[in-house]
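This report refers to the structure that appears directly beneath it.
Since we're looking at a predicted model, the values are computed, not measured.
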Amino acid sequence: PPLLAMIFAGQTQGSAHLQASLGYGRVWFNCTVLMPTFGLLGYISNVLPGCIGAEREDRIPRYLQRSVLLTFMLMLPMYMLQFAAGGIMYRLGVPWDNAADVRDYCRMMLVTAVLIAVSSHLESVCVNLGYTKCATFNSFITGLGVDVACTYFFIFSWGWGIHGAALAQIVVQLSRTLVWVAMIYYFGLSRKIFFVLVGGEALLSKTELR
């Protein structure tokens with residue numbers, strides 16, 4: 001969870017337990033999901049500037065589809081690992097009460113993981129097409145607005161604990177994805193980003209895999 005979630009967690013009843021659980025869950029999720037996902041974004045981040053610079057924007061949809069497919073294929077084992085997070089943390093010496101929270105948190109955060117992968121791909125495409133201010137706008141709306149509001153109500157006001165922290169991130173990432181989709185259609189980029197021209201290159205090929 002972001003720093004704000006830790007701050008609000010520190011103002012709740014049983015704050016020490018909740019902060020410990022969030023700390024364990026955060027480390028596990030960052031190491032097993034977040035960092036590998038951002039690493040896999042290297043493909044789309046490297047191919048987009050080349051095709052745009054070569055005035056081959058017709059390749060963007062296929063590159064986007066290929067990157068999303070490869071990301072989910074390669075991340076599938078890590079997604080499955082989230083179901084064993086609680087047991088693994090317990091065997092590593094984490095108290096069972098905290099390990100059980102980590103189990104619930106990581107299972108809920110699977111939704112966040114998928115949304116992060118999708119929204120990050122859309123952001124990469126839009127930024128490379130020159131819509132950098134849209135990234136700032138999206139971060140302002142979903143970060144300063146949605147994230148603060150959800151974290152405050154779910155953790156501090158309503159006392160939903162570890163489940164509230166995970167649900168807040170789901171709402172934030174869902175809203176972030178929806179804002180990207182809305183801006184793509186607002187600026188008329190949907191055909192350029194999502195639709196492959198007839199006779200375009202294959203989704204997967206031995207050349208690309210190499």
Side-chain angles (χ1 to χ4, degrees), residues 1-39 41 75 78-123 127 132-183:
L3 180 61
L4 191 62
M6 301 294 288
I7 293 175
F8 282 135
Q11 307 303 314
T12 61
Q13 291 185 349
S15 60
H17 172 80
L18 179 55
Q19 285 185 308
S21 296
L22 284 174
Y24 289 128
R26 178 182 182 180
V27 171
W28 174 271
F29 183 78
N30 286 354
C31 292
T32 61
V33 174
L34 208 58
M35 289 191 290
T37 298
F38 288 152
L41 288 171
M75 284 300 298
M78 306 307 288
Y79 293 159
M80 297 299 294
L81 189 62
Q82 303 312 300
F83 290 97
I88 293 175
M89 295 298 281
Y90 178 67
R91 287 171 176 78
L92 291 175
V94 175
W96 173 246
D97 288 345
N98 296 120
D101 284 344
V102 173
R103 175 197 61 199
D104 295 343
Y105 175 81
C106 290
R107 291 180 181 181
M108 293 181 68
M109 287 292 284
L110 276 173
V111 180
T112 301
V114 172
L115 292 171
I116 286 175
V118 174
S119 66
S120 296
H121 275 88
L122 297 179
E123 179 178 3
V127 169
T132 53
K133 291 183 179 179
C134 290
T136 304
F137 173 78
N138 198 342
S139 297
F140 179 80
I141 295 297
T142 60
L144 188 59
V146 179
D147 196 356
V148 172
C150 288
T151 303
Y152 173 80
F153 285 109
F154 294 173
I155 297 178
F156 180 74
S157 183
W158 296 339
W160 290 355
I162 196 77
H163 301 93
L167 183 59
Q169 290 306 299
I170 292 173
V171 175
V172 169
Q173 292 302 324
L174 177 60
S175 63
R176 188 171 180 81
T177 302
L178 292 176
V179 169
W180 276 121
V181 172
M183 288 192 290

query = What's the verdict on side-chain contact (heavy atoms from CB on, under 4.5 Å) for F38 and M35, showing C-alpha distance, side-chain angles and the deciding distance?
reply = CA-CA 5 Å; F38 288 152; M35 289 191 290; 6.0 Å; no
message = I'd like to check M108 versus H163 (side-chain heavy atoms, cut-off strictly below 4.5 Å). Are they in contact?
response = yes
inquiry  = Do N138 and M183 have side chains that approach each other closer than 4.5 Å (heavy atoms only, starting at C-beta)?
reply    = yes
key: Min side-chain heavy-atom separation D147-T142 under 4.5 Å   = no
All side-chain contact (heavy atoms from CB on, under 4.5 Å) counterparts of Y90, not counting sequence neighbours = W96, A99
note = Distance col, row Q11:CD vs S15:OG, nearest 0.5 angstrom, shows 7.5 Å
query = So, do M109 and V33 sit near enough that their side-chain heavy atoms are less than 4.5 Å apart?
reply = no
ask   = Parallel under 30°, tilted from 30 to 60°, perpendicular over 60°: which one fits the rings of Y152 and F8?
value = perpendicular
Exercise: identify the closest heavy-atom pair between L115 and I170 = CD1-O, 3.7 Å
request  = Rounded to the nearest 0.5 Å, what's the gap from CD1 on I88 to OG1 on T32? Could you check?
outcome  = 8.5 Å
ask   = Between atom CD1 of I141 and atom CG of L178, what is the distance when rounded to the nearest 0.5 Å?
value = 13.5 Å
key: Point-to-point distance, once rounded to the nearest 0.5 Å, from OH of Y105 to CZ of F29   = 6.5 Å
note = Value for CZ (R176) from CG (L174), rounded to nearest 0.5 Å, stands at 12.5 Å
note = Shortest non-hydrogen pair, A85 vs V102, comes out as CB-CG1, 4.2 Å
